[in-house]
> 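Structure incoming, see below.
Every heavy atom of this structure was used, including side-chain atoms; hydrogens, water molecules and symmetry mates were not. In this chain, residues are counted from 1 in sequence order.
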Amino acid sequence: MKKLKRNQERDKEINKYYLENNWELIRIWEHEFKKDYDLTIDKVVSFINHAKK
């Protein structure tokens, strides 16, 4: 549990850093591909198209 909590804190720190530096972020988890590969790919494509604007 301690490791999970630290990982969540680290993710927030990393997100904050990149957002403050005007990066676009997407976080894709392995289980998303396993659950619905096509939907996850659509999510990535949509993110890329939005970020290109």
Side-chain angles (χ1 to χ4, degrees):
M1 208 56 153
K2 187 175 182 179
K3 181 180 177 182
L4 179 60
K5 183 165 177 58
R6 176 59 194 138
N7 287 349
Q8 290 171 335
E9 290 172 2
R10 185 197 65 228
D11 288 346
K12 288 178 185 177
E13 292 168 8
I14 291 169
N15 286 351
K16 183 179 181 215
Y17 170 82
Y18 284 110
L19 290 171
E20 287 175 349
N21 287 282
N22 300 316
W23 284 62
E24 301 286 335
L25 299 177
I26 186 172
R27 192 175 302 269
I28 303 293
W29 300 99
E30 180 181 0
H31 72 271
E32 293 178 83
F33 281 106
K34 290 179 179 179
K35 182 177 179 183
D36 192 333
Y37 181 85
D38 291 333
L39 180 64
T40 305
I41 293 299
D42 289 344
K43 181 179 175 182
V44 173
V45 169
S46 177
F47 173 81
I48 292 170
N49 288 333
H50 174 73
K52 285 171 40 176
K53 294 179 181 178

> Does R10 have any side-chain hydrogen bond (donor to acceptor under 3.5 Å, both in side chains) partners at least two apart in sequence or in another chain, and if so, which?
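For R10 the side-chain hydrogen bond (donor to acceptor under 3.5 Å, both in side chains) partners, ignoring immediate neighbours, are N7.
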> Under the rule for side-chain hydrogen bond (donor to acceptor under 3.5 Å, both in side chains), what residues qualify as partners of E32, not counting sequence neighbours?
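Partners of E32 by the side-chain hydrogen bond (donor to acceptor under 3.5 Å, both in side chains) criterion, ordered by chain and then number, come out as K43.
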> In plain terms, say whether K52 and E24 are close enough for a salt bridge, that is, a side-chain N and a carboxylate O under 4.0 Å apart.
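Answer for the salt bridge query: no.
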> Would you give the length of the straight line joining atom NZ of K2 to atom CG of L4, rounded to the nearest 0.5 angstrom?
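Between atom NZ of K2 and atom CG of L4 there are 13.5 Å.
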> Report, one line per pair, each donor and acceptor closer than 3.5 Å where one atom sits in a side chain of residues 15-23; sequence neighbours left out.
| unit_1 | atom_1 | unit_2 | atom_2 | d |
| --- | --- | --- | --- | --- |
| N15 | OD1 | R27 | NH2 | 2.6 |
| N21 | ND2 | Y17 | O | 2.7 |

> Under the side-chain hydrogen bond (donor to acceptor under 3.5 Å, both in side chains) rule, collect the residues that match up with E30, sequence neighbours excluded.
K34
> Hydrophobic cluster mates of I26, side-chain heavy atoms under 4.5 angstrom, ILVMFWY only, any path?
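Grouped by the 4.5 Å side-chain rule, I28, F33, Y37, I41, V44, V45, F47, I48 form the rest of the cluster around I26.
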> So does D42 get a backbone contact from the side chain of S46, meaning a donor-acceptor N/O pair under 3.5 Å?
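Checking the backbone N and O of D42 against the side chain of S46, no donor-acceptor pair under 3.5 Å is found.
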> Can you list, by chain and residue number, the hydrophobic cluster partners of L39 when the side-chain cut-off is 4.5 Å?
none
